[in-house]
Amino acid sequence: MQPTIQYKTQKIAYWFFAACMLLFALQLIYGFILGFARMGYDGLHEWIPFNVARATHTNLLVVWLLTGFMGAAYFIIPEESERELWMPKLAWVQLVSLLLVGVVAIVGYHVNWWEGRKFLEIPRELDWLVVVNVLTFLLIIFMTIWKGKRKTTTAMVLFFGLLSAALLYLPGMITFENLTFDSFFRWWVVHLWVEGVWELIMGAILSFLLIKLTGIDREVIEKWLYVIVGFTFLSGILGTGHHYYFTGTPRYWLMIGGIFSALEPLAFLGMAIYALAMARRGGRKAPNRIALMWTLGCAVMSFVGAGFLGFAHTLPQVNIWTHGTLVTAMHGHLAFWGAYAMIVLAMISYAMPELTGRSMFKGWKAEWAFWTTNIGMLGMTGAFAVMGVAQVYLERKGGMDFLEVQESLEVHAFGLVLAAALLTLGVVLFIKNFLEYGLPVEVDSSSNSSGGGSVLATPQRPQED
Ligand code: HEM
Ligand code: HEM
Ligand SMILES: [Fe+2]
């Protein structure tokens, strides 16, 4: 199999994906620190206390997903726009600076340099560097689309999703003395990201993958993309209200948040039905079956994790009991996994053979990676569910002391860590598979690149399939 990428600057995506794998592995290490601490084995407490490990775990998650989205954009946009990336050298600078900011932030957390706002712990000084970094990325993507031969719906939705994600980072940078205000705007970032604009990014990548893997006409696939974007905004924007229950905001949020957030699963259900229907209709049998498995898996698991398990605690009558418990962690894990981790892994599975000219997706490793990660994550979700529900009954209904409850949950954390080990086995297989693909090969690009020369020149042994 020969490399099939048409534009040599698409290769920059490989390095974003490689960074992605590294950060993902690190995230899991911190996951285990948390898991063992939950079992009562908090031996690292003096050096890495639970709150530091937790912030590092979730921030690494967000950064590896964003790195994956950026890699996906650098791969997709040249193909959609039919031209090389604009200023590929700048994309390199952007990758290196992104990793630098990430390392500084993580080291900072370990020496107590952070802000205590869940998910947005990065100190304000570093926030500005993030802004510059993301602006650079958006400029490259925008200029490539702008100068490109065509402007497809998929590219526009992807760009709009990425741009809105950047803009929505700003409300999280305002300082408030008042906790209600502070939490009000924190959700503009956290909620409107995962239940708004990140869904557009996911929808666009899904659309790109379905076009490539099912062979169905772009017109059909992109028409549905509009419907999903519409549904996402209709429900997701006012759905923010499900975080405004009992936080000092006016009471009407109970009604608004409850109704609109209860509609949010429809966008995810829409995506699942759409992906499955397209795959059924698709005449072409994609040789890269694994990429299709991740793509369809993503569409289904995002509905289960975000839609179904989100709905489970979104009504105020339920949320009054479950708020901030391990029920939230149960939903948080499967939602992030199904929607965003899986779309990034789908994109990597699709892009690697194209980038390297090898077809490593045929072996058992790639398939086992898919099943063990997914079964492992479902197991973890189950363990969190047991812990969460027990916590609600013991602490909030039974009135047992908070710390006593936490101690009584330790036995269930054992199941969590076991399931996490299965997930980790799958991730190790995925990364091993990734490494076996080797580096991307130099490709003879027939297109004219006005943006600059080759990004990579790595000769690679040809290999038979
Ligand atoms: C892929 C999409 C989604 C992701 C990645 C996601 C992830 C998360 C995470 C990480 C949290 C904890 C946030 C925090 O406390 O700072 C959370 C909270 C919450 N999510 Fe989602 N979610 C998604 C979609 C949904 C949907 C569609 C619904 C409703 C149908 C929903 C309902 C909720 C609710 C009610 C909470 C608050 C829980 C509490 O009060 O402690 N989520 N979500
Ligand atoms: C080795 C595997 C993993 C283990 C053992 C693990 C364990 C944990 C634990 C114990 C927490 C803290 C819950 C608490 O507050 O007590 C946590 C938080 C979290 N983890 Fe993981 N995790 C793992 C992998 C992952 C993966 C792969 C994802 C995403 C795809 C993820 C997403 C999250 C999120 C979003 C939170 C915050 C949840 C919330 O706000 O309630 N974790 N994890
Ligand atoms: Fe939300």
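Atoms within a ligand are numbered from 1 in the order they appear, just like the ligands themselves.
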**Request:** Using the ring pair (Phe, Tyr, Trp, His ring centres under 6.0 Å) rule, pick out the option among Phe430, Tyr350, Trp371 that qualifies with Trp294.
**Result:** Phe430
**Request:** Can you see which heavy atom on Gly257 is nearest to which on Ser261, and at what distance?
**Result:** O-OG, 2.6 Å
**Asked** Any donor and acceptor pair, going by atom type alone, linking the side chain of Asp42 with main-chain N or O of Phe50 inside 3.5 Å?
**Response** no
**Complete:** For Phe119, the atoms of ligand 1 under 4.0 Å from one of its heavy atoms are 10 (C), 13 (C), 14 (C), 16 (O)
**Message:** With the threshold set at under 4.0 angstrom, would you say Tyr245 reaches ligand 1 through any of its heavy atoms?
**Reply:** no
**Request:** For ligand 1, note which part of Arg186 has a heavy atom under 4.0 Å away: side chain, backbone, both or neither.
**Result:** side chain
**Request:** Check ligand 1 against Ala339 and write out every atom of the ligand that is under 4.0 Å from a heavy-atom position of the residue.
**Result:** 1 (C)
**Asked** Which value, rounded to the nearest 0.5 Å, describes the distance between Trp368 atom CH2 and Leu425 atom CG?
**Response** 8.0 Å
**Request:** Using ring pair (Phe, Tyr, Trp, His ring centres under 6.0 Å) as the criterion, point out the one residue from Phe119, Trp187, Phe185 that pairs with His243.
**Result:** Trp187
**Request:** Go through ligand 2 atom by atom and flag the ones less than 4.0 Å from a non-hydrogen atom of Met377.
**Result:** 26 (C), 27 (C)
**Message:** Working note: His323 + Tyr245, criterion ring-ring contact (aromatic ring centres under 6.0 Å, His included); need CA distance, chi angles, decisive distance, verdict.
**Reply:** CA-CA 10 Å; His323 172 70; Tyr245 307 152; 9.0 Å; no
**Message:** Contact between Met352 and Tyr14 at the side-chain level, heavy atoms closer than 4.5 Å - yes or no?
**Reply:** yes
**Prompt:** What protein heavy atom is closest to atom 29 (C) of ligand 1, reported as residue, atom name and distance in Å?
**Reply:** Gly310 C, 3.5 Å
**Request:** For Glu222 and Thr154, indicate whether the former's side chain and the latter's backbone hold a donor-acceptor pair under 3.5 Å.
**Result:** yes
**Asked** Within a radius of less than 6.0 Å around CE of Met156, do more than 12 heavy atoms belonging to other residues, nucleotides or ligands occur?
**Response** no
**Prompt:** For ligand 1, does Phe260 get within less than 4.0 Å through its side chain, its backbone, both, or neither, judged by non-hydrogen atoms?
**Reply:** neither
**Request:** Any atoms of ligand 1 less than 4.0 Å from a non-hydrogen atom of Pro265? List them with their elements.
**Result:** 30 (C)
**Asked** Between Tyr169 (side chain) and Asp127 (backbone), is there a donor-acceptor pair under 3.5 Å?
**Response** no
**Complete:** So for Lys118 against ligand 1, with non-hydrogen atoms under 4.0 Å, the contacting part is side chain
**Item:** Enumerated ligand 2 atoms positioned under 4.0 Å from heavy atoms of Ala420
**Value:** 1 (C), 2 (C), 5 (C)
**Fill in**
Candidates Met387, Arg54, Arg38; heavy atom nearest atom 12 (C) of ligand 2 found on Arg54
**Complete:** With heavy atoms and a 4.0 Å threshold, my read on which part of Phe50 contacts ligand 2 is side chain
**Prompt:** Which of the atoms of ligand 1 are close to Ala335, meaning less than 4.0 Å from one of its heavy atoms?
**Reply:** 1 (C), 3 (C), 4 (C), 5 (C), 6 (C)
**Prompt:** Of all the non-hydrogen atoms in the protein, which one sits nearest to atom 34 (C) of ligand 1, and at what distance?
**Reply:** His313 NE2, 3.5 Å
**Request:** In sequence, state the C-alpha distance, the side-chain angles, and the governing distance for Arg289 and Glu367, and then conclude on salt bridge (Lys or Arg N to Asp or Glu O under 4.0 Å).
**Result:** CA-CA 9 Å; Arg289 216 169 65 85; Glu367 205 150 310; 3.1 Å; yes
**Request:** Answer with side chain, backbone, both or neither: which part of Glu195 has a heavy atom less than 4.0 angstrom from an atom of ligand 1?
**Result:** side chain
**Prompt:** What protein atoms of element N, O or S are positioned under 2.8 Å from atom 21 (Fe) of ligand 2?
**Reply:** His57 NE2, His333 NE2
**Prompt:** Are the side chains of His313 and Trp321 in touch, meaning some heavy atoms are under 4.5 Å apart?
**Reply:** no
**Prompt:** Nearest to atom 13 (C) of ligand 1, what protein heavy atom do you find, and at what distance?
**Reply:** Trp187 CH2, 3.6 Å
**Message:** Give the atom numbers and elements of ligand 2 that come within less than 4.0 Å of a heavy atom of Trp337.
**Reply:** 30 (C)
**Message:** Go through it in stages, so that I can follow the logic: the residues are Glu121 and Arg54, the test is salt bridge (Lys or Arg N to Asp or Glu O under 4.0 Å), and I'd like the CA-CA distance, side-chain angles, deciding distance and then a yes or no.
**Reply:** CA-CA 11 Å; Glu121 288 92 347; Arg54 197 184 198 284; over 6 Å; no
**Request:** Give the atoms of ligand 1, by number and element, whose distance to some non-hydrogen atom of His243 is under 4.0 Å.
**Result:** 18 (C), 19 (C), 36 (C), 37 (C)
**Message:** Could you identify the single nearest non-hydrogen protein atom to atom 42 (N) of ligand 1 and state the distance to 0.1 Å?
**Reply:** His331 NE2, 2.9 Å
**Request:** State whether the shortest distance between N or O atoms of Thr314 and N or O atoms of ligand 1 falls below 3.5 angstrom.
**Result:** no
**Message:** Taking the ring centre of each residue, are Phe69 and Phe16 less than 6.0 Å apart?
**Reply:** no
**Complete:** Looking only at protein heavy atoms, what sits closest to atom 35 (C) of ligand 2 is Phe336 CD1, 3.5 Å
**Message:** Around atom NE2 of His110, are there more than 12 heavy atoms from other residues, nucleotides or ligands closer than 6.0 Å?
**Reply:** yes
**Prompt:** Can you tell me how far CG of Leu355 sits from CD of Gln10, rounded to the nearest 0.5 angstrom?
**Reply:** 7.0 Å
**Message:** Taking 4.0 angstrom as the limit and counting only heavy atoms of Phe311, give me the atoms of ligand 1 inside it, by number and element.
**Reply:** 29 (C), 30 (C)
**Complete:** For OE2 in Glu195 and NE2 in His243, the angle at the Fe ion (ligand 3) (nearest 10°) is 140°
**Complete:** At under 4.0 Å between heavy atoms, what of Glu199 touches ligand 1? The answer is neither
**Prompt:** Who's the nearest protein heavy-atom neighbour of atom 32 (C) of ligand 1, and how far?
**Reply:** His242 CE1, 3.2 Å
**Those atoms of ligand 2 less than 4.0 Å from some heavy atom in Phe384** = 8 (C), 9 (C)
**Request:** Report yes or no: do Arg124 and Thr175 form a side-chain donor-acceptor pair below 3.5 Å?
**Result:** yes
**Asked** Going by the atom numbers of ligand 2, which of them fall below 4.0 Å from some non-hydrogen atom of Leu326?
**Response** 13 (C), 14 (C), 16 (O)
**Prompt:** Is ligand 1 under 4.0 Å from a heavy atom in the side chain of Thr328, in the backbone, in both, or in neither?
**Reply:** side chain
**Item:** Ser261, portion touching ligand 1 at heavy-atom distance under 4.0 Å
**Value:** backbone
**N or O pair under 3.5 Å between Gly324 and ligand 1** = yes
**Message:** One residue to check: Asn319. Relative to ligand 1, which of side chain, backbone, both or neither has a non-hydrogen atom less than 4.0 Å away?
**Reply:** side chain
**Asked** Should you measure from each heavy atom of Glu264, which atoms of ligand 1 turn up under 4.0 Å away?
**Response** 26 (C), 27 (C)
**Request:** Tell me which part of Tyr340 gets within contact of ligand 1: side chain, backbone, both or neither, using heavy atoms under 4.0 Å.
**Result:** side chain
**Complete:** Atoms of ligand 2 under 4.0 Å from any heavy atom of Phe32, numbered from 1 in the order shown, are 1 (C)
